[in-house]
Each structure stands twice: as structure tokens, then as C-alpha cells.
K.L.:
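What follows is a single structure, and I will ask about it in a moment.
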Number of protein chains: 2
Amino acid sequence: MDFRKIANIAVDCVILRLDSGTVNILLTRRFLNMYNDRYPIIDDWVLTGNHINRSERLDEAASRIFKEFTGFDHSYMEQFLTFGNPKRIKNEKDLLWTKSRGTDPRSISVAYYFLLQSDKNIVENSNLKWFRIDKLPELGFDHKQIISRAYDNLKLKVMSEPVIFNFLPDKFTLNELQLAYESVLDIDIDNRNFRKKATGKSYIVPLDEKRVGESKKPSKLYMFSKDVYDRTSAKNYVINV
Amino acid sequence: MDFRKIANIAVDCVILRLDSGTVNILLTRRFLNMYNDRYPIIDDWVLTGNHINRSERLDEAASRIFKEFTGFDHSYMEQFLTFGNPKRIKNEKDLLWTKSRGTDPRSISVAYYFLLQSDKNIVENSNLKWFRIDKLPELGFDHKQIISRAYDNLKLKVMSEPVIFNFLPDKFTLNELQLAYESVLDIDIDNRNFRKKATGKSYIVPLDEKRVGESKKPSKLYMFSKDVYDRTSAKNYVINV
DNA sequence: GCAAAAGTGTTGGTCATACACCCATGC
DNA sequence: GCATGGGTGTATGACCAACACTTTTGC
């Protein structure tokens with residue numbers, strides 16, 4: 001195996017998770033000082049990402065990075081865009097950072113997004129934190145743009161494929177499912193209509209089990225069956241334009 | 001401007017066009033001989049593509065390549081996936097080819113697809129030809145896979161956004177529009193239902209003009225209005241899962 | 001006058017939307 | 001016993017799918 005890094009190609013990961021009705025993103029701190037920790041030259045945030053090894057596939061690099069930062073194996077990953085604008089290096093800080101790392105300032109970044117189930121917890125620290133997507137801190141490079149394109153792409157995916165379940169625990173309630181859709185798409189959904197639609201899907205399988213303790217009235221649990229989904233969803237060509 | 005090539009990053013273009021009811025793809029010949037033209041070592045086909053310049057954006061490189069090969073400015077371009085498998089170099093020929101070109105055998109390719117209007121003609125020659133997507137010749141590298149992923153992506157796009165018009169001349173008949181959908185999606189569409197739906201869209205604008213000569217009965221012409229489309233299609237969040 | 005492509009309407013079923021109250025439990 | 005989130009039904013309109021014949025022209 002060839003573990004040398006390719007200096008001008010990086011993989012950046014937009015790691016997403018739902019929490020209390022909003023989309024959250026995992027970021028790492030970018031920190032650089034010259035002489036003294038109290039006067040850093042760079043102190044802001046960036047996406048989790050890294051360079052790739054010479055003998056590594058792009059998606060291998062992405063899942064490796066995901067595992068390094070979260071500790072989990074990913075359940076959903078999507079390569080959505082590659083960024084290669086020579087002006088991705090926005091400013092002095094970005095340039096300084098690439099120099100300090102010895103990487104090519106003209107680098108391209110293959111961007112992935114990952115969905116993390118809400119019952120999988122990560123220990124945050126001063127270098128690794130969740131941020132609400134509507135309250136992002138100062139970000140390095142073009143990472144604000146990368147996040148925004150990831151989110152656009154996710155919304156499209158969520159409306160056409162059953163990826164939302166990757167945000168939820170294996171067993172979930174219909175109200176959790178509804179809230180997940182509402183959070184991601186930033187819309188309100190009528191509860192009765194939603195339940196009708198959801199219970200009508202054969203691949204949203206009711207379990208003989210209730211969740212107790214979380215709310216006053218126990219709530220019925222469901223699971224998503226990929227098998228049933230694959231079997232039933234024969235591609236129907238609907239032109240929605 | 002820095003016109004040096006970046007040796008390990010390429011842009012590949014899947015250039016698509018509709019012709020007599022099928023999707024066609026523009027390919028260039030890959031030809032290499034050692035001593036004698038009559039005994040080539042390599043003689044197969046690849047996508048139009050090239051390396052990028054150090055000061056060029058990815059989409060600039062892609063549109064430059066499109067223009068070089070077709071002579072036209074593009075009307076629709078989509079970056080759909082980046083390929084970076086170390087095994088993209090399938091065999092002896094691929095390796096030989098990269099050596100003969102002096103490029104890095106571990107290169108990644110940012111892939112775009114382009115749609116060409118059916119009234120824009122390209123002069124074909126022995127090094128540049130259209131091929132039906134269902135009758136592709138022997139292809140170098142992973143280009144068969146790139147084409148297949150491009151086509152998958154196009155089908156999804158066609159069903160959710162008004163990109164089909166980029167295959168048609170500015171003025172088109174409803175039957176041409178229907179045939180375009182049928183060709184791309186490889187389906188049959190009921191003519192009466194289709195016309196009802198199409199004429200119901202405000203952005204498919206009837207013209208006071210008929211096409212004569214092509215068929216016995218003159219046929220009404222229509223145009224697509226992007227303005228009207230943008231104004232009327234307020235994003236409606238329909239969960240189709 | 002006939003071949004060839006253009007163009008036209010109705011019906012039944014499915015699915016999305018709008019809308020307001022009762023239920024089971026914890027405290 | 002009351003606060004909290006869980007859970008339920010009906011009526012209306014929009015849209016999709018199925019289906020066969022007439023119209024206009026070139027030759």
C-alpha cells in the first residue's frame with residue numbers, strides 16, 4: 001500500500017445530524033499561532049477533511065475521515081460536488097494554513113456529506129463541535145459554500161429517496177419521522193396527512209413495541225425496511241416539470 | 001495566467017445529443033502506434049476530456065473542452081460525479097496511454113455532461129464521432145462507467161427540472177418534446193395526456209407559427225420560457241418517497 | 001384519394017389538502 | 001385532575017391513466 005498523500009486533492013466531509021428541530025454540522029477548529037497560544041493568527045472552523053493516499057479510492061478516504069472524527073461507521077454517504085476554483089483560497093489565513101501544512105494552494109476538494117443517526121453521540125471538545133446550520137461560525141476556505149451546496153443536494157435527495165431514515169434511530173416514532181422531514185426541509189407538515197401517508201407505505205413497518213418515558217402517552221415505534229423498499233419501489237417515471 | 005497543466009486532475013465531458021429517437025454520445029478516438037499506422041497498439045474510443053490549467057476553474061475547463069470539440073458555446077452543463085478509483089486505469093493500454101501523454105496514472109477525473117441542441121451539427125471525422133448510447137464501441141479507462149452514471153443522473157434531472165429543452169431547437173413541436181422525453185427516459189408516453197399536460201404549462205409558450213415541410217400536416221411551434229418557469233415554479237416540497 | 005403525421009375529450013381512480021377533537025399517561 | 005404529546009376521519013379538488021377517431025396536408 002502506498003500511504004503517501006496526494007498533495008493537491010482533498011476530501012471534505014459535511015457531517016450532518018438532527019438535533020432539536022434543526023440540522024447540525026460537525027466542524028473542527030483551525031488553529032495556528034506563531035509564538036504564543038494567546039495570540040493565534042488563525043482561529044476559526046473548517047469541515048472535517050483530509051488528503052487522500054495514493055492507493056486509496058475517494059470514497060474510502062471519505063469514510064476513513066468520517067470514522068476518524070465520529071468513531072462510527074457511516075450509514076449514508078453521498079459524493080455531491082467537487083470544488084476546484086483557484087480562488088477557493090479566500091484570504092491570507094487560508095494561504096498561511098496551506099503553507100503551514102505543506103499542501104498545494106491550488107487544490108481541489110471532492111465533497112461528501114454524511115448523515116448521522118440521532119442516537120449516535122460524539123464527545124465534543126474545543127476542537128470538534130456541532131453547529132446549527134443557521135448559526136455557523138467563521139469558516140475557512142470556501143467551506144460555507146460547500147455546506148450550502150451539500151444542504152441543497154440533501155433536500156433534493158430527501159424528497160426523492162428514503163435517506164431521511166439515516167438521521168433516525170433504528171426504531172422511531174412517526175412524529176420523529178415527521179419532525180425530521182420538517183427540520184431538513186424547513187416546512188410544516190400536517191400531522192394527520194403525514195401519518196396517513198407514512199402508515200400507507202409498506203416499508204415503514206410498525207413494531208409491536210412502544211416507547212415509554214419520553215412523553216406522557218407511549219408512542220408506537222416503526223422501522224424502515226430497505227428490503228421492502230427495494231422490492232416495492234419499481235422506478236416509476238413521473239415527469240414533474 | 002498560468003497555463004501549466006495540473007498533471008493528476010482531468011475533466012471529462014459526456015456530450016449528449018438526441019437523434020432519431022436515441023441518445024447519442026460524442027467520442028474521440030484514442031490511437032497509438034509504435035512504428036506503423038497499420039499496426040496500432042491502441043485504437044479505441046474515449047470521452048472528450050483534458051487536463052486543467054493551474055489558473056482555471058473546473059467549469060471553465062469543462063466549457064473550454066466542450067467548445068474545442070463542438071465549436072459551440074454550451075447551453076447546459078452539469079458536474080455530476082468525480083472519479084478517482086486508483087484502478088480507473090483498467091489495463092495495459094490505459095497505462096501505456098498515460099505514459100505516452102506524460103500524465104499521472106493515478107489521476108482523478110471530474111466528470112460533466114453537456115446537452116447539445118438537435119439543430120447544432122458537428123462535422124464528424126475519423127477521430128470524432130457520435131455513438132448511440134446503446135451501441136458504444138470499446139472504451140478506454142472507466143469511461144463506460146462514467147457514461148452510465150451521467151445517463152442515470154440525466155434521467156433524474158429530466159424528471160425534475162426543465163433541462164430537456166436543451167436537446168431541442170429553440171422552436172419545437174409538442175411531438176418533438178414528447179419524443180425527447182421518450183428517448184431519454186426510454187418510455188412510451190400517451191400522446192393525448194402528454195399534450196394536455198404540456199399545453200397546461202405556462203412556460204411552454206405557443207407561437208403564432210407553424211413548421212411546414214417536415215411532415216404532411218403543418219405542426220404548431222412552441223418555445224420554452226425560462227423566465228416564466230422561474231417565476232411560476234415556486235419550489236413545492238413534495239415528498240415522493 | 002390515400003398515406004402520414006397532427007391534433008382532440010371523457011371518465012374513473014388515486015392522492016394531496018384542509019381541518020378539530022379525543023386518548024393515554026405522568027405528575 | 002390537568003398538562004402533554006399521541007393519535008384519529010371525512011370531504012373536496014387536482015391530477016394521472018386509459019382509450020380511438022378526425023383533421024390537414026403532400027403527393
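In what follows, chains are A, B, ... by sequence order, proteins preceding strands, each numbered from 1. Only a predicted model underlies this, so the values are computations on that prediction, with no experimental measurement involved.
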K.L.:
By the 4.0 Å heavy-atom rule, please label A/N191 as base, sugar-phosphate, or nothing.
P.N.:
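A/N191: base contact, heavy atoms under 4.0 Å.
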K.L.:
What nucleotide among D/dG7, D/dG9, C/dA3 has an atom nearest to a side-chain atom of B/K216?
P.N.:
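Ranking D/dG7, D/dG9, C/dA3 by closest atom to the B/K216 side chain puts C/dA3 first.
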K.L.:
Of all the choices, D/dT24, D/dG6, C/dC19, which nucleotide is nearest to the side chain of A/D190 once you look at every atom?
P.N.:
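Given the options D/dT24, D/dG6, C/dC19, the side chain of A/D190 is closest to C/dC19.
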K.L.:
OP1, OP2 of C/dT8 versus side-chain N and O of B/R192: anything below 4.0 Å?
P.N.:
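The answer is no; no side-chain N or O of B/R192 sits under 4.0 Å from OP1 or OP2.
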K.L.:
Does the side chain of B/L177 come within less than 4.5 Å of B/F194's, by heavy atoms?
P.N.:
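Sidechains of B/L177 and B/F194: in contact.
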K.L.:
Rounded to the nearest Å, what distance is computed from the NZ atom of residue B/K217 to the P atom of nucleotide D/dT25?
P.N.:
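Rounded to whole Å, this separation is 8 Å.
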K.L.:
Using ring pair (Phe, Tyr, Trp, His ring centres under 6.0 Å) as the criterion, list what pairs up with A/Y222, not counting sequence neighbours.
P.N.:
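In terms of ring pair (Phe, Tyr, Trp, His ring centres under 6.0 Å), with neighbours along the sequence ignored, A/Y222 is linked to no residue.
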K.L.:
A/I133 and side chain to side chain contact (heavy atoms under 4.5 Å, CB included): which partner among A/V14, A/V184, A/I147, A/N24?
P.N.:
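The passing option is A/I147.
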K.L.:
Looking at side-chain heavy atoms only, is the closest gap between B/I108 and A/I108 below 4.5 Å?
P.N.:
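When only atoms from C-beta onward are counted, A/I108 and B/I108 do touch, with a gap below 4.5 Å.
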K.L.:
Determine, using ring centers only, whether A/Y237 and B/Y181 are less than 6.0 Å apart.
P.N.:
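Aromatic pair excluded; centres sit 6.0 Å or further apart.
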K.L.:
Which listed nucleotide (C/dA5, D/dG9, D/dT25) is nearest to the side chain of B/S215?
P.N.:
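My answer, after comparing the listed nucleotides, is C/dA5.
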K.L.:
Which letter, B, S or -, goes with each nucleotide of nucleotides 11-16 of chain C from 5' to 3', with contact meaning a protein heavy atom under 4.0 Å?
P.N.:
-----S
K.L.:
Does A/N193 make a side-chain N or O approach to OP1 or OP2 of C/dT17 shorter than 4.0 Å?
P.N.:
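No, no such contact exists.
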K.L.:
Are any of the side-chain heavy atoms of B/F83 and B/N85 separated by less than 4.5 Å?
P.N.:
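No. Closest side-chain heavy atoms not under 4.5 Å.
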